[in-house]
A.B. asks: 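Quick one: the structure is below, questions incoming.
The residues of the chain are indexed from 1 along the displayed sequence. Below, each value reflects all heavy atoms present in this structure, side chains not excepted, and no hydrogens, waters or symmetry copies.
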Amino acid sequence: QVQLQESGPGLVKPSQTLSLTCTVSGASITTTNYYWMWIRQPPGGGLEWMGEISYSGRPYYNPCLRSRSSNSRDTSKNQLTLQLRSVTPEDTGVYYCARAGGSGMWDYWGPGIQVTVSS
């Protein structure tokens, strides 16, 4: 059973950097042909793909967020890290990490973590 769990601050002030961690169990983040994603959902809105990091450690970014975001990983801890700089209230939402399997489907998700950007 693959499990993902997001963690990090629930409240961030504008202009600060949001840092979230996704802890993965039941699968290695280095296993060939799997990609590890960050997705968010604003209040009342749809899902937005933020970016991903491949099994080999290569990051990919949504062009709209590329200038502010950074995806990294710690293979010794089997963890993913998302950093989003210069946050604004529009960055408020539920943040998820997920796995993309060989089929291209996002087959496993974490429960999500609520992040509020407010002063």
Side-chain angles (χ1 to χ4, degrees):
Q1 179 68 30
V2 180
Q3 293 181 311
L4 298 84
Q5 178 66 61
E6 303 89 349
S7 61
L11 180 64
V12 185
K13 294 182 178 180
S15 81
Q16 293 186 336
T17 296
L18 170 66
S19 183
L20 297 176
T21 296
C22 176
T23 300
V24 179
S25 62
S28 172
I29 60 175
T30 64
T31 297
T32 302
N33 291 336
Y34 289 100
Y35 291 72
W36 304 88
M37 340 284 296
W38 288 98
I39 303 124
R40 68 180 182 179
Q41 185 174 37
L47 299 174
E48 179 185 31
W49 175 77
M50 300 183 68
E52 63 192 60
I53 189 164
S54 76
Y55 55 91
S56 64
R58 182 174 180 177
Y60 300 85
Y61 299 101
N62 183 329
C64 296
L65 299 170
R66 183 163 50 212
S67 65
R68 296 195 291 132
S69 60
S70 179
N71 295 335
S72 60
R73 65 181 188 173
D74 185 337
T75 57
S76 68
K77 298 180 179 179
N78 214 38
Q79 292 180 329
L80 318 169
T81 298
L82 166 71
Q83 289 191 320
L84 186 65
R85 299 178 292 275
S86 302
V87 298
T88 73
E90 292 184 355
D91 293 313
T92 292
V94 179
Y95 285 69
Y96 302 91
C97 55
R99 186 182 78 168
S103 66
M105 297 181 180
W106 301 346
D107 55 356
Y108 290 97
W109 294 64
I113 183 170
Q114 172 68 45
V115 175
T116 300
V117 180
S118 177
S119 60

A.B. asks: If only atom types and distance count, is the side chain of Gln41 paired as donor or acceptor with the main-chain N or O of Val94 below 3.5 Å?
C.D. replies: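 The answer is no, because no donor-acceptor pair under 3.5 Å joins these two groups.
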A.B. asks: Assess the residue pair Cys22 and Trp38 against the criterion (side chain to side chain contact (heavy atoms under 4.5 Å, CB included)); give the C-alpha distance rounded to whole Å, side-chain angles, the decisive distance to 0.1 Å, and a yes or no.
C.D. replies: CA-CA 9 Å; Cys22 176; Trp38 288 98; 3.7 Å; yes
A.B. asks: What are the two closest non-hydrogen atoms of Leu47 and Trp109, and how far apart are they?
C.D. replies: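 Smallest heavy-atom distance, with atoms named: CD1-CH2, 3.8 Å.
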A.B. asks: Is a donor on one side and an acceptor on the other found under 3.5 Å between the side chain of Asn62 and the backbone of Trp49?
C.D. replies: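 At least one qualifying donor-acceptor pair exists.
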A.B. asks: Treating Ile, Leu, Val, Met, Phe, Trp and Tyr as nodes and any side-chain heavy-atom pair under 4.5 angstrom as an edge, say whether Tyr61 and Leu84 lie in one connected cluster.
C.D. replies: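 Tyr61 and Leu84: separate clusters.
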A.B. asks: Using every non-hydrogen atom in the two residues, find where Pro14 and Pro89 come nearest and quote the distance to one decimal.
C.D. replies: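 Pro14 and Pro89 have their closest heavy atoms at CG-CD, 4.5 Å.
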A.B. asks: Please report the interatomic distance OH(Tyr60) to CZ(Arg66), rounded to the nearest 0.5 Å.
C.D. replies: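 The distance works out to 13.0 Å.
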A.B. asks: Taking the side chain as everything from C-beta on, heavy atoms only, tell me whether Ile39 gets closer than 4.5 Å to Trp106.
C.D. replies: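 When only atoms from C-beta onward are counted, Trp106 and Ile39 do touch, with a gap below 4.5 Å.
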A.B. asks: Under a 4.5 Å side-chain heavy-atom rule over Ile, Leu, Val, Met, Phe, Trp and Tyr, are Val12 and Leu82 clustered together?
C.D. replies: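 As far as the 4.5 Å side-chain criterion goes, Leu82 and Val12 are connected within one cluster.
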A.B. asks: With side chains defined as the heavy atoms from C-beta onward, is the minimum distance between Gln114 and Tyr95 less than 4.5 Å?
C.D. replies: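 Counting from C-beta outward, Gln114 and Tyr95 never come under 4.5 Å.
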A.B. asks: Which heavy atom in Ser54 sits nearest to a heavy atom in Ser56, and how many Å separate them?
C.D. replies: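 Ser54 and Ser56 have their closest heavy atoms at OG-OG, 2.9 Å.
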A.B. asks: Could you check whether any side-chain heavy atom of Asn71 comes within less than 4.5 Å of a side-chain heavy atom of Leu80, counting everything from C-beta outward?
C.D. replies: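 No; the side chains remain at least 4.5 Å from each other.
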A.B. asks: So, do Ile53 and Tyr35 sit near enough that their side-chain heavy atoms are less than 4.5 Å apart?
C.D. replies: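 No. Closest side-chain heavy atoms not under 4.5 Å.
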A.B. asks: Ignoring hydrogens and geometry, is there a side-chain-to-backbone donor-acceptor pair from Asn78 to Ala27 under 3.5 Å?
C.D. replies: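 Yes, the answer is positive, given that a donor and an acceptor are paired below the 3.5 Å cut-off.
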A.B. asks: If you measure from OG on Ser118 to CG on Asp91, what distance do you get to the nearest 0.5 Å?
C.D. replies: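 That separation rounds to 12.5 Å.
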A.B. asks: Does some side-chain heavy atom of Ser15 sit less than 4.5 Å from a side-chain heavy atom of Ser86?
C.D. replies: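 SC-SC contact between Ser86 and Ser15 ruled out.
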A.B. asks: To the nearest 0.5 Å, how far apart are OG1 in Thr81 and CZ in Arg73?
C.D. replies: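 One finds 11.5 Å between OG1 of Thr81 and CZ of Arg73.
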A.B. asks: Please check this pair: side chain of Arg99 against backbone of Leu4, looking for a donor-acceptor N/O pair closer than 3.5 Å.
C.D. replies: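 Not confirmed, Arg99 side chain does not pair with Leu4 backbone.
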A.B. asks: Could you give the distance from CZ (Arg68) to CZ (Arg85), rounded to the nearest 0.5 Å?
C.D. replies: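 These two atoms lie 9.0 Å from each other.
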A.B. asks: Hydrophobic cluster membership, with links at side-chain heavy-atom distances under 4.5 Å among I/L/V/M/F/W/Y: are Val117 and Tyr96 in one?
C.D. replies: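 No; tracing contacts between hydrophobic side chains, which count when under 4.5 Å, never links both residues.
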A.B. asks: Just checking, any donor-acceptor pair under 3.5 angstrom between side chains of Thr30 and Ser28?
C.D. replies: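 A donor-acceptor contact under 3.5 Å links the two side chains.
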A.B. asks: What pair of heavy atoms forms the shortest contact from Ser19 to Pro9, and how long is it?
C.D. replies: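 So the minimum-distance heavy-atom pair works out to O-CD, 3.3 Å.
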A.B. asks: Would a single hydrophobic cluster contain both Tyr34 and Met37, if residues Ile, Leu, Val, Met, Phe, Trp and Tyr are joined by side-chain heavy-atom contacts under 4.5 Å?
C.D. replies: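 Different clusters.
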A.B. asks: Would Ile29 end up clustered with Val2 when hydrophobic side chains under 4.5 Å apart are linked, directly or stepwise?
C.D. replies: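 Yes, Ile29 and Val2 fall within the same hydrophobic cluster.
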A.B. asks: Applying side chain to side chain contact (heavy atoms under 4.5 Å, CB included), run through Thr21 and Lys77 and close with a yes or a no.
C.D. replies: CA-CA 11 Å; Thr21 296; Lys77 298 180 179 179; over 6 Å; no
A.B. asks: Just to verify, which of Glu6, Gln79, Gln5, Gln3 counts as forming a side chain to side chain donor-acceptor pair (under 3.5 Å) with Thr23?
C.D. replies: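 The residue from Glu6, Gln79, Gln5, Gln3 that satisfies side chain to side chain donor-acceptor pair (under 3.5 Å) with Thr23 turns out to be Gln79.
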A.B. asks: Drop me the distance from Met50's CE to Cys97's SG, to the nearest 0.5 angstrom.
C.D. replies: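 Spacing of CE (Met50) from SG (Cys97) equals 12.0 Å.
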